[in-house]
Amino acid sequence: MTGTDVPLQPKKKGLTRRQKRSLSRGIQYAVFVAAVIAFAVAADWDRLANQFAQGDIARQMFPDVITLALKNTVLYTVSGFVVGLVLGMVIALMRLSSVGPYRWLAGVYIEIFRGLPALLIFIFIGVAVPLAFPGTEIPGGTYGKVALALGLVAAAYMAETIRAGIQAVPKGQMEAARSLGFSPARAMISIIIPQAFRIILPPLTNELVLLFKDSSLVLFLGVTLEERELSKFGRDLASQTANSTPILVAGLCYLLVTIPLGFVVRRMEAKAQEAVK
């Protein structure tokens with residue numbers, strides 16, 4: 001070593017990328033645990049239990065919360081889903097039509113009903129329709145009104161989902177069907193639409209979950225005691241008992257349906273991705 005040589009300094013080793021990720025993950029877990037502990041310490045569990053977890057009040061709700069409220073909620077949801085699916089299919093085909101007025105009408109419908117809150121649709125069905133058409137009754141009474149209101153809302157979203165599914169089917173499928181002598185309408189019904197539904201089944205199931213929750217808006221139509229759904233049933237009992245336990249039980253009944261449906265949606269999405277691979 002000469003006098004002009006500078007001794008080499010050892011390089012400082014920083015954290016590797018894996019170590020940085022582990023450190024970041026550890027910090028996130030620590031923050032989460034700290035937040036949970038802070039919430040558990042700060043919350044007044046006795047007051048919460050007294051207001052939301054009265055066992056005697058919860059027991060009074062059975063079996064009506066299942067045989068009446070949950071049953072009506074399911075009926076409202078299924079009927080609205082069927083109306084929305086049929087109407088959505090028609091609007092989707094209009095959206096894809098080569099006839100200009102059909103496309104424009106479908107586009108206007110989709111923009112309006114996607115932009116309006118579902119609450120306004122329920123009020124429109126319950127108030128505006130009887131005023132506009134005096135003496136006219138929607139078939140099915142309250143069940144028919146709810147099916148129509150939910151269906152009008154759902155159709156706007158389903159139409160776009162169905163349209164995207166139809167366009168996702170390779171164009172060669174239509175060309176192959178036409179080469180076999182199928183008419184355009186028959187090829188669409190027999191070949192294209194079945195393949196499209198396999199693609200859009202997960203988002204349609206997700207729409208069913210959303211409709212199940214939107215069925216709570218039925219209370220704005222003015223229902224009888226026998227026509228109450230979960231939210232209305234829970235609110236009425238909460239008012240009678242001056243306690244929020246019925247609302248908690250009603251919420252758990254919603255989860256009893258939405259959680260399994262959510263699991264089904266995830267499974268279908270996973271299978272669809274495997275099929276693509």
Side-chain angles (χ1 to χ4, degrees), residues 25 28-29 31-33 35-36 39-40 48 52-53 55 58-59 61-89 92 114 117-118 143 146-147 149-166 168-169 193-218 228-235 244-277:
R25 192 180 302 114
Q28 294 177 46
Y29 276 115
V31 171
F32 174 76
V33 172
V36 171
F39 173 78
L48 285 173
F52 289 96
R59 285 190 291 270
M61 299 178 64
F62 291 89
D64 288 348
V65 69
I66 301 296
T67 60
L68 176 67
L70 182 58
K71 181 197 73 173
N72 283 336
T73 302
V74 172
L75 287 176
Y76 293 147
T77 303
V78 172
S79 59
F81 183 81
V82 171
V83 172
L85 184 61
V86 174
L87 184 57
M89 174 63 71
R114 283 198 310 181
Y143 293 94
V146 176
L150 288 176
L152 288 174
V153 175
Y157 295 93
M158 290 186 183
E160 286 294 87
T161 300
I162 294 171
R163 178 188 62 82
I166 291 175
V169 177
I193 291 179
Q195 294 186 60
F197 266 85
R198 283 197 291 270
I199 298 172
I200 64 176
L201 195 55
L204 284 183
T205 308
N206 194 50
E207 183 63 32
L208 181 63
V209 175
L210 297 177
L211 282 181
F212 187 75
K213 295 183 292 183
D214 284 344
S215 65
S216 62
L217 297 174
V218 69
R228 291 178 297 175
E229 42 68 56
L230 282 170
S231 292
K232 176 66 172 172
F233 186 85
R235 287 183 60 185
S244 300
T245 298
I247 295 178
L248 176 63
V249 175
L252 293 176
C253 289
Y254 276 107
L255 295 178
L256 189 65
V257 176
T258 56
I259 289 178
L261 278 177
F263 176 77
V264 170
V265 171
R266 289 191 295 272
R267 291 292 299 171
M268 288 191 297
E269 289 176 345
K271 288 184 177 180
Q273 291 177 356
E274 291 177 0
V276 172
K277 294 177 181 180

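Judged as a salt bridge (charged side-chain N to carboxylate O under 4.0 Å, His left out), and not counting sequence neighbours, the contacts of Arg228 are Asp236. Checked against salt bridge (charged side-chain N to carboxylate O under 4.0 Å, His left out), Arg114 has the following partners two or more places apart in sequence or in another chain: Glu111. Applying the salt bridge (charged side-chain N to carboxylate O under 4.0 Å, His left out) criterion to Glu160, with sequence neighbours excluded, gives Arg95, Arg163.
Closest heavy-atom contact between Ala53 and Thr245: N-OG1, 3.4 Å. Of all the heavy atoms in Ala118 and Leu217, the pair that sits closest is CB-CD1, 3.6 Å. The two residues Gly151 and Leu87 come nearest to each other via the heavy atoms O-CD2, 4.5 Å. When every heavy atom of Ile200 is checked against every heavy atom of Gly165, the shortest pair comes out as CG2-CA, 3.5 Å. Closest approach of Met61 to Pro246, counting heavy atoms only: SD-CA, 3.4 Å. The two atoms that bring Gly234 and Ala250 nearest to each other are CA-CB, 4.4 Å, heavy atoms only.
Inter-residue side-chain proximity for Phe52 and Ile247 is flagged as unmet; no heavy-atom pair is nearer than 4.5 Å.
Between the side chain of Asn206 and the main chain of Pro202, no donor-acceptor pair closer than 3.5 Å is present. With hydrogens and angles disregarded, a donor-acceptor distance shorter than 3.5 Å links the side chain of Thr73 to the backbone of Leu230.
Classification of the Tyr254-Phe212 ring pair by plane angle, with boundaries at 30° and 60°, yields perpendicular.
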